[in-house]
Engineer: 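First, the structure itself, so that you have it in front of you.
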Amino acid sequence: MSTTKQTEYKADDFKSDAEPRWCPGCEDYAILKAVQMAMAQIGRPKNEHAVVSGIGCSSRLPYYMGTYGFHTIHGRPIPVATGLKISNPELAVWVVTGDGDAISIGGNHFVHAFRRNVDMNILLFDNRIYGLTKGQYSPTSQKGMINKTAPYGTIEEPSDPVGLALECGASFIAQISASYVKELVDLLVQAYNHKGTSFLHIYQNCYIYNDNAFDDFTERSIRDDNNIKIEHGKPLVFGKNLDKGLVVGYGKFDIVDIEPGNVPDNVVVYDETDSVLIRMVTDMKFPEYPVPMGVLKKTLRATFEDSLESQIELAKSKFPPDLQKLLSSGETWEVK
Amino acid sequence: MSTTKQTEYKADDFKSDAEPRWCPGCEDYAILKAVQMAMAQIGRPKNEHAVVSGIGCSSRLPYYMGTYGFHTIHGRPIPVATGLKISNPELAVWVVTGDGDAISIGGNHFVHAFRRNVDMNILLFDNRIYGLTKGQYSPTSQKGMINKTAPYGTIEEPSDPVGLALECGASFIAQISASYVKELVDLLVQAYNHKGTSFLHIYQNCYIYNDNAFDDFTERSIRDDNNIKIEHGKPLVFGKNLDKGLVVGYGKFDIVDIEPGNVPDNVVVYDETDSVLIRMVTDMKFPEYPVPMGVLKKTLRATFEDSLESQIELAKSKFPPDLQKLLSSGETWEVK
Amino acid sequence: MGIHKEDILETVTVKFAGDSGDGIQLTGDQFGNTTAVVGNDFATFPDFPSEIRAPQGTTYGVSSYQIQFASKDIYTPGDTPDVLVCFNPAALKVNLSTVNKGGIIVVNEDEFTDKNLKKAGFDSNPLDLNDRTLADFRVHKIPITKLTVEALDDFDMGHKDKLRCKNFLALGIVAWLFSRPLEPIESFLKSKFSKKPMILEANVKALHTGFNICDTMEIFPVMYTVPPAKLEPGTYRNINGALATAYGLLAASEKIDLPIVYSGYPITPASEILHVLAALKQFNVYTIQTEDEIAAITMALGAAYGGSLGITGSSGPGLALKIEALNLAVMTELPLVVFDYMRSGISTGMPTKTEQGDLGMALFGRPSDSHVIVLAPSTAADCFWISIEAVRLATKYMTPVVVLSEGFLISSSEPWKIPNLKEIPKIKTSFRTNPKGYLPYKRNKETLARDWVRIGTKGLEHTIGGLEKTNETGDVTQDPDNHDLMTRLRAEKVQRVVNDIPDLEIIGDKNADLLLVGWGSTLGSMRAAIEAVNGAGKKVAMINIRYLNPLPRNLGNILRKFKKVGVVELNLGQLNTIIRSKFLIDTSFLGRVTGQPIYVSELTNFINRELESLKEH
Amino acid sequence: MGIHKEDILETVTVKFAGDSGDGIQLTGDQFGNTTAVVGNDFATFPDFPSEIRAPQGTTYGVSSYQIQFASKDIYTPGDTPDVLVCFNPAALKVNLSTVNKGGIIVVNEDEFTDKNLKKAGFDSNPLDLNDRTLADFRVHKIPITKLTVEALDDFDMGHKDKLRCKNFLALGIVAWLFSRPLEPIESFLKSKFSKKPMILEANVKALHTGFNICDTMEIFPVMYTVPPAKLEPGTYRNINGALATAYGLLAASEKIDLPIVYSGYPITPASEILHVLAALKQFNVYTIQTEDEIAAITMALGAAYGGSLGITGSSGPGLALKIEALNLAVMTELPLVVFDYMRSGISTGMPTKTEQGDLGMALFGRPSDSHVIVLAPSTAADCFWISIEAVRLATKYMTPVVVLSEGFLISSSEPWKIPNLKEIPKIKTSFRTNPKGYLPYKRNKETLARDWVRIGTKGLEHTIGGLEKTNETGDVTQDPDNHDLMTRLRAEKVQRVVNDIPDLEIIGDKNADLLLVGWGSTLGSMRAAIEAVNGAGKKVAMINIRYLNPLPRNLGNILRKFKKVGVVELNLGQLNTIIRSKFLIDTSFLGRVTGQPIYVSELTNFINRELESLKEH
Ligand SMILES: Cc1ncc(C[n+]2csc(CCOP(=O)(O)OP(=O)(O)O)c2C)c(N)n1
Ligand SMILES: Cc1ncc(C[n+]2csc(CCOP(=O)(O)OP(=O)(O)O)c2C)c(N)n1
Ligand code: SF4
Ligand code: SF4
Ligand SMILES: [Mg+2]
Ligand SMILES: [Mg+2]
């Protein structure tokens with residue numbers, strides 16, 4: 001990696017000249033801003049970042065970044081980013097994708113990405129709808145939702161991107177809503193700092209085709225009762241008055257009332273590496289449980305590109321490369 | 001469904017004239033036989049069964065069946081079967097697929113099949129290798145395995161088809177090894193009887209490219225200590241002498257020694273509808289745990305085709321179909 | 001009503017343009033409706049800015065709707081507008097250069113604020129008295145916003161809601177200008193807002209206000225009339241290609257008495273068909289939104305295998321993903337219908353724009369020698385008939401049919417004489433039921449089609465698949481001569497369809513020296529162009545090829561009759577390649593790849609050039 | 001050594017055939033090796049039964065290896081064998097009809113049991129004295145199994161392991177028959193079984209036994225010699241297309257000084273390249289087995305974007321899945337190399353058999369007007385040079401290159417004069433580093449290529465993607481004229497490559513009336529055929545087109561020089577369509593779609609027919 005002088009950056013340093021073209025009111029604006037703020041905080045120059053996206057409203061993001069960008073095709077940003085990272089391991093590689101892009105047409109790459117664990121950051125903008133194509137249901141759309149392709153209501157069970165990432169072995173999983181900009185910036189930085197594939201699931205409101213989809217747990221007046229901040233080493237408490245806590249029950253959490261400011265011992269102190277807690281926290285389904293926000297999982301294992309590089313080094317040490325020799329290998333004979 | 005006279009059938013009634021062309025020693029022979037035995041037991045005539053497969057050694061199976069068969073393309077048997085079942089809901093639809101076919105190239109359809117819950121039976125022949133293309137690793141190949149495309153060892157984490165099916169909402173999940181023919185037949189019948197997508201994960205030995213892959217838990221002399229029979233309403237005990245049991249621990253099972261024939265109360269009695277137990281049983285990883293064999297999950301929910309049919313009925317009752325009227329809808333005017 | 005001069009016109013092109021959020025498409029549609037009722041012939045061209053909603057007031061957020069209407073037969077929405085109705089400066093900026101010199105420009109002057117002018121990229125206000133930008137036009141500045149808000153002063157509704165009515169005020173103005181009745185628009189509003197009486201009233205009020213101020217304010221010196229066109233007698237409606245395609249499928253389903261399984265993955269512009277069919281479930285239409293295009297085509301194929309009408313549709317990027325499965329359909333000889341709504345450009349390209357770029361792909365774009373029937377509708381209404389024909393040929397010949405439709409056709413509309421379903425012939429299917437002598441790959445002597453079996457039928461159990469099959473028995477084989485034979489049989493089967501399709505008809509002067517050859521939506525512009533030049537005493541003929549594979553039997557004879565053949569396409573010469581190769585004729589070629597329908601004027605230029613060059617020799 | 005008659009032959013074709021499990025391919029390879037060392041020219045054709053391992057003794061389980069060797073230049077593995085070595089009845093059944101009348105058939109008589117004969121479908125034993133099946137041939141029945149077991153009597157190894165040595169006994173026999181030395185085979189065995197001395201000894205013993213019994217038992221009345229061919233001086237080795245392709249990529253990587261990222265999904269026969277490269281990681285080759293073909297091409301594209309050599313390879317069904325991403329590569333103008341190892345038939349077809357079916361797809365098989373460079377190697381060794389050329393052109397013109405290779409070329413082998421790497425020119429790449437005036441879609445005046453930027457370079461930050469771009473700036477736009485311009489520029493860029501590729505050279509009689517045109521692997525058979533007929537005093541010439549898009553500059557002139565042009569392809573006429581369309585020449589056509597290389601005899605028949613028809617006119 002080319003070492004880079006640490007300089008002071010501002011969010012605006014990561015802007016492009018192009019004017020964003022999302023609908024006024026779209027939460028994609030907030031995420032764009034957060035990404036630029038996170039990059040400023042990370043402190044690497046814009047040429048050391050590449051943002052790779054698929055197709056969708058969300059996937060237009062690279063055009064508004066002053067970094068390198070690749071707006072690929074629908075569902076394929078993950079493999080493109082994989083190839084890029086293997087080719088240029090010193091880059092900070094970001095994937096921007098939507099619920100349709102990542103989970104519907106791109107589902108297979110999503111599943112396999114986490115098995116590889118290439119060091120990149122996957123940001124999924126989940127608005128539970130197809131925005132760009134004007135309002136069809138997506139794999140995360142709730143059952144019964146009425147929309148253009150389901151005038152009588154969607155009949156499939158929704159996918160759970162976080163659960164899926166966990167099942168497929170993601171080494172870093174975090175979740176947040178675009179309405180929490182500060183926390184979003186912080187999680188983006190943490191995702192960047194994690195070596196391996198980081199998955200950040202972002203609830204993003206589509207103002208036009210699925211407005212208010214997340215109000216139940218993001219609307220200011222009620223959100224503190226309906227989502228819970230997950231932080232490594234911190235107790236799992238929530239509620240406007242921090243009057244509820246989670247304790248380990250029969251294979252899942254139980255919610256208990258607690259005295260604000262006085263967290264009993266049986267309330268779980270979160271451990272982002274504890275597979276049992278991770279499973280329980282990702283299993284929490286709203287409205288039975290509050291929606292978990294924060295880093296849900298963080299464990300370390302070798303990245304794909306490092307493993308591949310070691311094999312190349314091993315091969316070099318075992319068989320020092322000599323192409324002319326290789327060409328002449330096997331039986332040879334002279335013609336005079 | 002056209003009601004069918006119950007007759008006595010023999011396995012041979014479901015054979016075709018074609019001679020199977022697998023390698024001598026391949027466990028695909030055993031599965032073929034088991035499928036034919038299961039169909040005999042199910043008692044419907046062969047014209048009421050359709051077997052749809054992808055591409056792979058396993059996927060050659062339809063040619064050896066006397067039923068209807070469709071040997072499609074690599075990775076796509078699930079959607080073909082879905083279209084078939086929606087078109088012909090009275091058919092018994094079987095999908096035959098391999099670990100590469102279902103989890104690698106066909107991964108996306110696998111993920112989405114369980115969200116829909118079409119009434120069909122997916123049989124995955126998992127030999128942890130690409131047989132037909134002569135020995136490359138598959139998504140279920142173990143890390144470090146040496147093979148044609150990984151001469152220095154596979155570097156991806158293996159996929160877990162059962163865990164994936166569960167995450168995606170499968171309504172019926174069972175697992176067995178092809179070496180347990182009787183149990184295999186029984187599970188095939190149970191899969192058939194389940195209304196919804198049934199997933200049957202079958203460990204299948206590839207004699208040529210990955211021989212003995214499952215010996216640790218299928219070899220006769222040690223298998224009873226290394227796998228555990230899962231049955232609804234039965235206690236979770238295993239071991240050659242039935243001297244081990246599973247009790248609920250911290251978010252997972254703990255293995256305890258028990259006195260043979262005397263199962264203590266804290267040993268779990270399995271419930272195939274209990275999401276906590278299902279999660280724990282599918283989370284059991286060999287060799288830390290024995291390999292679970294049997295029906296791991298069975299819950300009922302509406303099938304895709306029934307939901308679709310209800311919407312069609314609803315539409316008919318709301319808007320009685322009259323095509324001539326539809327053509328003339330909207331503003332019309334007369335030209336004389 | 002004041003006294004106004006009335007001018008009678010034969011044909012007029014009007015374009016509405018404004019922000020995506022201004023309700024331009026709705027306004028255009030309603031103008032179309034009232035035009036239809038007056039008995040004019042017409043054609044429309046809705047043009048969306050891009051796949052994304054842009055911030056208000058920007059040039060890339062401009063949406064437009066062009067309509068040509070006439071007292072004679074017309075074939076296109078018009079090259080360039082005689083009248084431009086602009087809702088904001090950006091709309092003016094984008095469209096100004098296309099307006100015919102001397103044409104009328106109606107603007108909402110309230111929107112010409114400094115901020116909006118800047119957003120649109122104007123350095124000065126073109127409405128200013130001493131600005132020369134609009135000197136060549138007859139400009140009418142109307143404070144549409146203000147008028148709307150005033151008209152709705154009494155209404156107990158929010159300011160924003162009031163503003164939403166301004167497009168109907170504008171519509172009232174244009175209706176007056178062309179002497180259109182308001183009733184059809186009112187009746188539309190009534191059905192649309194039946195549950196929101198306040199909104200209904202407000203829009204009706206706005207509409208009448210627009211109409212009335214023209215009377216009172218004498219904005220326009222003249223009022224135009226376009227007398228009714230002489231259309232064939234009957235009951236008419238307005239139809240666009242999306243509806244026509246879907247209705248055609250429903251008609252085919254009724255005529256063949258089989259349910260439709262339509263599986264698709266959303267993509268612009270093909271999604272529209274999925275939307276329409278999903279809402280028509282009462283016609284035994286099983287629509288499935290799949291996880292991707294591969295699932296879409298394979299589900300449809302599964303349904304075709306089962307014995308239903310398996311249909312899928314997409315556009316370029318999605319069609320690309322269906323190629324492997326399409327070849328499975330060719331190999332298994334199943335009646336799958338695949339719609340491709342061609343859009344502009346390779347890769348994502350310009351998704352909302354039109355093109356004819358996928359012919360080469362439909363013909364040659366599969367591994368190995370793979371043949372399918374290829375059809376192309378030429379007008380919005382023709383989409384109806386092509387849908388029926390696709391189902392008929394697919395099921396009769398047991399082969400996939402690819403329908404190359406166009407983005408332009410999906411949304412453009414025209415008057416349509418409503419067909420009487422009883423007059424449409426039934427489509428025969430005979431599923432094989434007799435087990436005696438059944439062989440999966442035994443063929444009908446005439447069509448070379450193998451039998452279609454409803455899966456589940458007793459005694460016909462068999463297995464098909466993608467491996468090469470022994471002729472007749474269908475057993476898997478690698479026999480060299482058999483493979484050669486089967487490859488040729490598959491090609492020959494599609495070739496046999498030539499016996500089942502109509503001969504081409506020459507349009508225009510059969511004794512001309514120059515023949516124009518086109519396919520798809522260029523029919524309209526080409527027809528208009530040859531009528532124009534034939535009218536000017538020049539001899540030109542044309543054909544429009546709806547059957548692109550196999551090509552009609554009399555094509556060669558027709559081509560050889562003319563001194564010069566000019567091929568016209570919205571691509572760089574895909575049909576042209578085929579025609580040259582098959583008939584060894586040194587064609588000339590006009591290709592436009594702009595994402596827009598071809599202009600009549602481009603065609604007349606081409607014709608004149610070709611006629612000149614013929615003279616020189 | 002007994003005294004034997006020695007006959008001198010100029011050219012011989014030998015075919016080994018037996019069960020897939022009999023080690024046929026290994027035997028053939030080793031016979032090739034010893035043939036090479038003797039200095040003959042040769043060409044081989046390994047033919048696998050199908051993608052699945054079949055039960056022993058069945059006809060569909062027969063594997064074979066054909067080799068032609070000669071004291072002169074040869075170009076094909078021979079149409080039909082002079083000598084057939086059969087390991088079992090099924091092998092005889094399948095291959096008998098191809099053996100030249102009067103040819104030698106060597107059989108392992110131990111395998112001609114009733115059970116095996118029945119499995120092979122023989123009603124009686126063709127080896128029986130009064131059976132007439134083999135009357136036309138010189139049959140040598142040898143108890144190969146028994147001899148092997150006996151020879152290894154002393155060896156402390158299982159019966160099964162002993163049986164495995166019988167192919168080397170057979171090889172010893174054939175080596176004797178054609179006076180081949182045993183040393184190269186022994187040295188191969190030594191390296192292969194260096195860690196298993198027992199197996200090594202056993203195989204060497206079997207080999208010598210086979211050789212020696214011919215001396216002792218006087219099985220064959222004659223012993224043949226094929227004198228060395230006059231090859232260009234140098235060091236030679238045996239090479240097949242798979243190795244040549246991979247080595248060519250390594251050479252290109254060294255010459256351009258960039259690492260290779262090769263991502264692929266296994267598929268017959270393309271997997272072989274992935275296997276070879278995966279084992280050569282020391283040459284900075286990053287191989288990735290992906291989840292599917294879409295991931296394979298998009299990963300390679302990501303690598304090309306990053307600044308590495310992004311390469312992917314597949315066969316028909318897999319290529320079909322790569323089409324959408326290939327168009328993204330065309331749109332983003334990135335240097336991606338895509339290998340297509342063409343196999344037989346549409347859909348799954350006949351996966352282990354060869355064909356030239358994907359040319360139409362490579363040229364036209366993408367939505368809209370999409371142009372790529374298309375190359376085709378014509379021999380196993382040529383795969384080496386085509387790999388280098390593909391990398392050179394892709395990086396110089398910033399465009400995808402599709403290499404149409406063939407299943408047949410992958411496994412067939414020939415003697416190869418080992419190139420001196422120093423003599424291969426460097427490939428220039430100049431990544432842009434200077435930010436001044438950088439515009440992503442600004443083009444090199446000569447090549448029209450845009451600049452390649454190593455992602456990460458300071459000051460060159462930009463975004464590319466699948467949407468249409470403004471010329472030079474690369475900004476997203478829907479401007480109609482810009483789209484037309486860009487579509488034409490993309491086409492023109494590929495056309496410019498014509499300036500960078502060699503003219504075609506005519507092979508054979510330049511003054512002939514008849515010109516044969518082919519591409520790819522038919523070079524060998526066509527060359528052999530025209531030498532044959534030219535030898536017989538008839539005048540024929542030929543060209544083999546390695547650059548299929550753009551076509552070489554002098555093609556038109558060449559074609560027009562001849563009275564008659566005959567196009568030869570392993571498909572139904574894909575190149576033929578292009579040639580007719582481009583040059584308006586009424587070609588004749590010979591197409592074979594059998595999954596096999598074309599026979600020289602089929603070509604000579606075609607030539608004679610065409611020459612006759614020329615006379616008639
Ligand atoms: C191969 C292909 N299929 C379909 C499309 C059409 N398409 C573009 S974006 C999109 C879905 C967008 O939804 P999502 O990924 O959730 O992104 P959002 O717009 O909601 O941010 C679809 C179906 C396409 N561009 N390419
Ligand atoms: C599109 C496509 N890609 C690749 C292949 C080649 N292919 C055939 S089967 C197979 C994998 C087989 O593995 P698996 O599914 O595990 O089945 P098995 O042979 O082990 O039973 C592959 C890669 C193909 N036929 N089609
Ligand atoms: S459609 Fe929805 S997601 Fe797309 S830009 Fe508009 S508000 Fe945002
Ligand atoms: S390769 Fe393996 S899986 Fe395939 S038939 Fe042979 S033993 Fe069975
Ligand atoms: Mg979305
Ligand atoms: Mg497998």
Side-chain angles (χ1 to χ4, degrees), chain A residues 2 16 18 45-48 50-53 55 62-63 65-88 90-91 108-109 111-112 304 308-309 311-312 314-321 323-324 326-336, chain D residues 33 36-37 39 184 187-188 231-238 247 250-251 254 259 261 263 280-284 286 288 290-292 294-295 298-303 305-308 310 324-325 328 332 417-421 454-467 475-476:
Chain A
S2 62
S16 77
K46 60 183 180 174
N47 56 294
E48 296 184 6
V51 185
V52 180
S53 67
I55 299 287
Y63 290 112
M65 298 293 301
T67 63
Y68 282 100
F70 198 165
H71 179 226
T72 69
I73 45 178
H74 195 32
R76 320 301 172 191
I78 290 176
V80 171
T82 299
L84 174 61
K85 181 74 184 181
I86 288 166
S87 162
N88 306 33
E90 72 291 351
L91 277 178
N108 206 28
H109 312 305
V111 163
H112 290 275
F304 185 80
L308 198 53
E309 198 63 54
Q311 292 197 340
I312 287 179
L314 177 66
K316 282 182 182 163
S317 71
K318 277 176 112 171
F319 311 103
L323 186 53
Q324 188 67 55
L326 178 70
L327 296 188
S328 315
S329 60
E331 289 299 320
T332 63
W333 66 95
E334 293 296 324
V335 172
K336 273 166 212 138
Chain D
N33 264 346
V37 170
S187 90
F188 160 81
L231 297 173
E232 217 183 299
T235 309
Y236 280 74
R237 62 169 288 172
N238 188 346
Y247 292 175
L250 298 181
E254 189 166 308
V261 175
S263 43
L280 291 170
K281 291 209 167 57
Q282 64 270 28
F283 292 97
N284 283 322
Y286 295 75
I288 316 171
T290 55
E291 56 271 33
D292 59 20
I294 301 174
T298 45
M299 281 190 201
L301 184 63
Y305 168 65
S308 300
E324 192 204 358
L328 177 64
T332 51
K417 188 177 159 196
I418 299 165
N420 183 343
L421 277 175
R454 206 192 290 270
I455 300 307
T457 308
K458 194 167 176 135
L460 296 179
E461 301 82 0
H462 65 277
T463 291
I464 57 171
L467 288 166
D475 293 340
V476 171

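The sequence lines fix the lettering, A, B, ..., with proteins before strands; numbering per chain opens at 1. All values reported here derive from a predicted model rather than from experimental measurement.
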Engineer: For the residue pair Arg237(D) and Tyr247(D), what are the closest heavy atoms and their distance?
Structural biologist: NH1-CE1, 3.5 Å
Engineer: Heavy-atom cut-off 4.5 Å, strictly under: side chain, backbone, both or neither for Thr72(A) against chain D?
Structural biologist: both
Engineer: Sort Glu291(D) into side chain, backbone, both or neither according to what part of it lies under 4.5 angstrom from a heavy atom of chain A.
Structural biologist: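 Both the backbone and the side chain of Glu291(D) come within 4.5 Å of chain A.
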Engineer: Report the option among Glu254(D), Lys417(D), Arg454(D) that has the most heavy-atom pairs separated by less than 4.5 Å from atoms of chain A.
Structural biologist: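 Top option by heavy-atom pairs under 4.5 Å: Glu254(D).
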Engineer: Quick one: closest heavy-atom pair of Tyr286(D) and Glu309(A), and the distance?
Structural biologist: OH-OE1, 2.7 Å
Engineer: Side chain, backbone, both or neither: which part of Thr235(D) has a heavy atom under 4.5 Å from chain A?
Structural biologist: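 Contact with chain A involves both backbone and side-chain atoms of Thr235(D).
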Engineer: Against chain D, label Ala81(A) side chain, backbone, both or neither, depending on which of its atoms sit under 4.5 Å from a heavy atom there.
Structural biologist: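 For Ala81(A), neither part sits under 4.5 Å from chain D.
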Engineer: What option among Gly310(D), Gly456(D), Pro184(D), Ala325(D) has the most heavy-atom pairs under 4.5 Å with chain A?
Structural biologist: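 Ranked by heavy-atom pairs under 4.5 Å with chain A, first place is Gly456(D).
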Engineer: Could you tell me whether the side chain of Phe283(D) reaches within less than 4.5 Å of the side chain of Leu326(A), counting heavy atoms only?
Structural biologist: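 With C-beta onward as the side chain, the pair touches.
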Engineer: Against chain A, label Asp475(D) side chain, backbone, both or neither, depending on which of its atoms sit under 4.5 Å from a heavy atom there.
Structural biologist: neither
Engineer: Closest approach of His71(A) and Leu467(D), non-hydrogen atoms and distance?
Structural biologist: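 The pair with the smallest heavy-atom distance is CE1-CD1, 3.6 Å.
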Engineer: For the residue pair Pro320(A) and Ser317(A), what are the closest heavy atoms and their distance?
Structural biologist: CD-O, 4.2 Å
Engineer: If you compare all heavy atoms of Leu421(D) against all heavy atoms of Ala251(D), which two are closest, and at what distance to 0.1 Å?
Structural biologist: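 In this case the closest contact between Leu421(D) and Ala251(D) is CD2-CB, 4.0 Å.
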Engineer: So which part of Ile418(D) gets closer than 4.5 Å to some heavy atom of chain A, the side chain, the backbone, both or neither?
Structural biologist: side chain
Engineer: In terms of heavy-atom pairs under 4.5 Å, which option from Pro79(A), Gly330(A), Ala18(A) contacts chain D the most?
Structural biologist: Pro79(A)
Engineer: Just wondering, do Phe70(A) and Leu301(D) contact through their side chains at under 4.5 Å, heavy atoms?
Structural biologist: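 Sidechains of Phe70(A) and Leu301(D): in contact.
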Engineer: Heavy-atom cut-off 4.5 Å, strictly under: side chain, backbone, both or neither for Ser329(A) against chain D?
Structural biologist: both
Engineer: Okay, side chain of Thr463(D), backbone of Pro62(A): is any donor-acceptor separation there less than 3.5 Å?
Structural biologist: yes
Engineer: Counting heavy-atom pairs under 4.5 Å to chain D, which of Ser87(A), Ser16(A), Ala315(A) comes out on top?
Structural biologist: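 Looking at each option in turn, the highest pair count goes to Ser87(A).
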Engineer: Ala295(D) versus chain A, heavy atoms under 4.5 Å apart: side chain, backbone, both or neither?
Structural biologist: both
Engineer: Under a 4.5 Å heavy-atom cutoff, which of Ala300(D), Gly234(D), Ser187(D) has the most pairs with chain A?
Structural biologist: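 Top count of heavy-atom pairs under 4.5 Å with chain A: Gly234(D).
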Engineer: Quick check on Lys46(A) against chain D: is it the side chain, the backbone, both or neither that has a heavy atom closer than 4.5 Å?
Structural biologist: both
Engineer: Provide the closest heavy-atom pair for Ile78(A) versus His109(A) in the form atom of the first, atom of the second, distance.
Structural biologist: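 Reported closest heavy-atom pair: CG2-O, 4.0 Å.
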Engineer: Determine, step by step, whether Asn420(D) and Gln324(A) satisfy the side-chain contact (heavy atoms from CB on, under 4.5 Å) criterion, reporting the C-alpha distance in whole Å, the side-chain angles of both residues, the deciding distance to 0.1 Å, and the verdict.
Structural biologist: CA-CA 7 Å; Asn420(D) 183 343; Gln324(A) 188 67 55; 3.9 Å; yes
Engineer: Output the option from Thr332(A), Thr82(A), Ile73(A) having the highest count of non-hydrogen pairs under 4.5 Å with chain D.
Structural biologist: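 Among Thr332(A), Thr82(A), Ile73(A), the one with the most close pairs to chain D is Ile73(A).
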Engineer: Using non-hydrogen atoms and a 4.5 Å limit, figure out which bit of Pro259(D) sits close to chain A: side chain, backbone, both or neither.
Structural biologist: neither
Engineer: What distance separates Asn47(A) CG from Leu460(D) CG, expressed to the nearest 0.5 Å?
Structural biologist: 9.0 Å
Engineer: Of all of Lys318(A), Glu334(A), Lys336(A), which one pairs up most often with chain D through heavy atoms under 4.5 Å apart?
Structural biologist: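 Between Lys318(A), Glu334(A), Lys336(A), the count favours Glu334(A).
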Engineer: Is Leu280(D) in contact with chain A via its backbone, its side chain, both, or neither, using a 4.5 Å heavy-atom distance?
Structural biologist: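 Side chain only.
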Engineer: When only pairs under 4.5 Å are counted, which of Asn33(D), Val261(D), Leu328(D) shares the most heavy-atom pairs with chain A?
Structural biologist: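 Greatest number of close heavy-atom pairs with chain A: Leu328(D).
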Engineer: Is Asn108(A) close to chain D through its backbone or its side chain, or both, or neither, when contacts mean heavy atoms under 4.5 Å?
Structural biologist: both
Engineer: Heavy-atom distance under 4.5 Å between the side chains of Tyr305(D) and Thr332(D), does that happen here?
Structural biologist: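 No - every pair of side-chain heavy atoms lies 4.5 Å or more apart.
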